[in-house]
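Residue numbers run from 1 in the order of the sequence given. Computation of the quantities below employed the complete heavy-atom set of this structure, encompassing side-chain atoms and omitting hydrogens, waters and symmetry-equivalent molecules. What you are looking at is a predicted structure, and each value in this text was computed from that prediction instead of being measured.
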Amino acid sequence: QVQLVESGGGLVQAGDSLRLSCAASGRTFSSYAMGWFRQAPGKEREFVAAISWGAGLTNYASSVKGRFTISRDNAKNTVYLQMNTLKPEDTAVYYCAAGKQAGPRTLAGSYDYWGQGTQVTVSS
């Protein structure tokens, strides 16, 4: 069992940056691929970024590529999402997810554990 707790969300202006963190419980964090997803009001949950268990592979949605960076610190059981040049369309609840697969998959169904989410609001 893995428990995930996101933090770092907030209200920012367009062009600002935020760093989300996701702290995981359990001693097997390093064996999980990790992902970030988001869900805006009235929309389906969508993939944002993912990182393999060994941090050697990453994957990004085209809408955030070049602006967002996912990273992990296995010693701290934490995965991060650095978000730069934020846009109003990035406004959503951001969820952290852990999956037993090795690779950075984009499908939500590939992940086994989810956090409760953290709100990111970007004003124009």
For this session: Mind running side chain to side chain contact (heavy atoms under 4.5 Å, CB included) on W53 and N74 for me, showing each step along the way?
Result: CA-CA 9 Å; W53 64 271; N74 287 340; 5.7 Å; no
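Counting heavy atoms from C-beta on, the side chains of M34 and Y113 never come closer than 4.5 Å. Counting heavy atoms from C-beta outward, L18 and L86 have side chains that approach closer than 4.5 Å. Residues N84 and S17 form a side-chain contact, since some pair of their non-hydrogen atoms from C-beta on lies under 4.5 Å apart. Looking only at side-chain heavy atoms (C-beta outward), N59 and T106 come within less than 4.5 Å of each other. Taking the side chain as every heavy atom from C-beta outward, V79 and I70 approach each other to under 4.5 Å. Counting heavy atoms from C-beta outward, M83 and L20 have side chains that approach closer than 4.5 Å.
Among all heavy-atom pairs drawn from A24 and L4, the shortest one is CB-CD2, 3.5 Å. The minimum heavy-atom distance linking L81 with A49 is given by the pair CD1-CB, 4.1 Å. S124 approaches A14 most closely through the heavy-atom pair CA-CB, 4.4 Å. When every heavy atom of A33 is checked against every heavy atom of G103, the shortest pair comes out as CB-O, 3.3 Å.
A cation-pi arrangement is found for R72 relative to F29, the charged atom lying closer than 6.0 Å to the ring centre and inside a 45° cone about the ring normal.
Taken from OH in Y32 to OG in S52, the straight-line distance is 15.5 Å, to the nearest 0.5 Å. In this structure, the separation between OH on Y94 and CD on Q119 is 9.5 Å, given to the nearest 0.5 Å. Between the OG1 atom in T28 and the CD atom in Q1 there is a gap of 10.0 Å [rounded to 0.5 Å]. Considering CD of Q3 and OG of S25, their distance stands at 4.5 Å, rounded to 0.5 Å.
In the hydrophobic clustering of ILVMFWY residues, with side-chain heavy atoms under 4.5 Å counting as a link, Y80 and V2 come out apart. The hydrophobic clustering, which links ILVMFWY residues whose side-chain heavy atoms are closer than 4.5 Å, places V93 and V64 apart. Side-chain heavy atoms closer than 4.5 Å link hydrophobic residues (I, L, V, M, F, W, Y) into clusters, and following such links, possibly through other members, connects F47 to W114. Criterion: ILVMFWY side-chain heavy atoms under 4.5 Å apart, direct or through other members. Under it, Y95 and W36 are not part of a common hydrophobic cluster.
Although no hydrogens or angles enter the test, the distance criterion places a donor-acceptor pair under 3.5 Å between the side chain of E6 and the main chain of G117. With hydrogens and angles ignored, the 3.5 Å screen pairs a side-chain donor or acceptor of T118 with a backbone N or O of G9.
Aromatic rings from Y111 and F37 are positioned such that their centres are separated by under 6.0 Å.
Listed by first and then second residue, the disulfide (SG to SG under 2.5 Å) pairs that reach into residues 18-101 are C22-C96, sequence neighbours excluded. Residue pairs meeting the salt bridge (charged side-chain N to carboxylate O under 4.0 Å, His left out) criterion with at least one partner in residues 41-70, sequence neighbours excluded, are R38-E46, R67-D90.
Looking only at atom types and distance, the side chain of E89 has no donor-acceptor partner in the side chain of T91 under 3.5 Å away.
Heavy atoms from other residues, nucleotides or ligands lying under 6.0 Å from CD of Q116 number more than 12.
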